[in-house]
Amino acid sequence: MLWIKAAHIIFVIFLMAGLFMMPRFFIYHSQCAVGSDEDRKWIEREDRLRRIILGPSLVIVWIFGLLLAFNGNYWGEGWFIAKLLLVLSLSGYHGWMIGHFRKLQRGERPLTEKQLRLINEVPGIAAAIIVILVVVRP
C-alpha cells in the first residue's frame, strides 16, 4: 500500500500543478487577439496540458485514492467525507476548465482577466483544506 500511497501523492502533485497552470494560461490567452498566431499557440499549450497532465493525473488520482480509501476503510470518517466532497469539487473545477478551454478554442472570451485571477485561487484553497483534513483528521 505504501507504493500506491506514494504514487497517489505524486499524481496529486501533477494534478495540482495542472490545476494551477491552466487558469494562468487562460489569463494570458484572454489577452491575445482571437485568431492570431498567439491565440493558436495558447490553444495548443492548453490542449497539451489537458491531454498530457490534467486528464491522466485526474484518472490516476481517483483510482489510487479509491484504493487507499477502501484499504483504510475511511468511508465512515467525517474528515474523509469532507475531503471526498472537496476532491469531487476539484474534479468539477477540472471539468469547468475543460469547458472554458473549449470556449477559448471557439474564440469566445466569457470571463474577464480579473474573474480568471479569482478563479485561479480555487485549487490552492481546496488543497490547503484537503491537506489539513488528511493530516489533522478533525
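Note that the structure is a prediction, hence the values are computed from the model and not measured.
- Checked by atom type and distance alone, the side chain of Ser57 never pairs as donor or acceptor with a backbone atom of Leu54 at under 3.5 Å.
- Note that CD1 of Ile10 is 10.5 Å distant from CD1 of Ile60, once rounded to the nearest 0.5 Å.
- Residue Glu113 is tested with Arg109, Arg117, Gln115 for a side chain to side chain donor-acceptor pair (under 3.5 Å); the sole match is Arg117.
- Between Trp96 and His100, the two ring planes are parallel [angle under 30°; tilted spans 30° to 60°].
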Determine, stepwise, if the pair Phe26 / Trp42 fulfils ring-ring contact (aromatic ring centres under 6.0 Å, His included).
-> CA-CA 8 Å; Phe26 292 163; Trp42 279 113; 9.7 Å; no

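- The distance from atom CD1 of Ile125 to atom CD1 of Ile130, rounded to the nearest 0.5 Å, is 12.0 Å.
- Annotation: side chain of Leu133 is in contact with side chain of Leu86 (closest heavy-atom distance under 4.5 Å).
- Annotation: side chain of Ile81 is not in contact with side chain of Glu77 (no heavy-atom distance under 4.5 Å).
- A salt bridge does not link Glu44 to Arg40: none of the charged side-chain nitrogens sits closer than 4.0 Å to a carboxylate oxygen.
- Heavy-atom minimum distance, Met21 versus Leu49: CB-CD2, 3.8 Å.
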Give the C-alpha distance, both sets of side-chain angles, the deciding distance and a yes or no for side chain to side chain contact (heavy atoms under 4.5 Å, CB included) between Leu116 and Ser30.
-> CA-CA 9 Å; Leu116 288 169; Ser30 68; 3.9 Å; yes

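- Heavy-atom contacts from other residues, nucleotides or ligands closer than 6.0 Å to CZ of Arg48 number 12 or fewer.
- Within the 4.5 Å cutoff, no side-chain heavy atoms of Leu84 are placed close to those of Tyr74.
- Considering only residues two or more places apart in sequence or on other chains, Val122 meets the side chain to side chain contact (heavy atoms under 4.5 Å, CB included) condition with Tyr93.
- For Trp3, the ring pair (Phe, Tyr, Trp, His ring centres under 6.0 Å) criterion is met by no residue, not counting sequence neighbours.
- Between Ile43 and His29 the shortest side-chain heavy-atom distance falls below 4.5 Å.
- You'll find the side chain of Phe25 stays beyond 4.5 Å of the side chain of Phe101, heavy atoms only.
- A distance of 12.5 Å separates CD1 of Ile52 from CZ of Phe14, quoted to the nearest 0.5 Å.
- A distance of 10.5 Å separates CG in Leu15 from CD1 in Ile53, rounded to the nearest 0.5 Å.
- Its side chain within the 4.5 Å cluster rule, Ile13 clusters with Ile9 among the Ile, Leu, Val, Met, Phe, Trp and Tyr residues.
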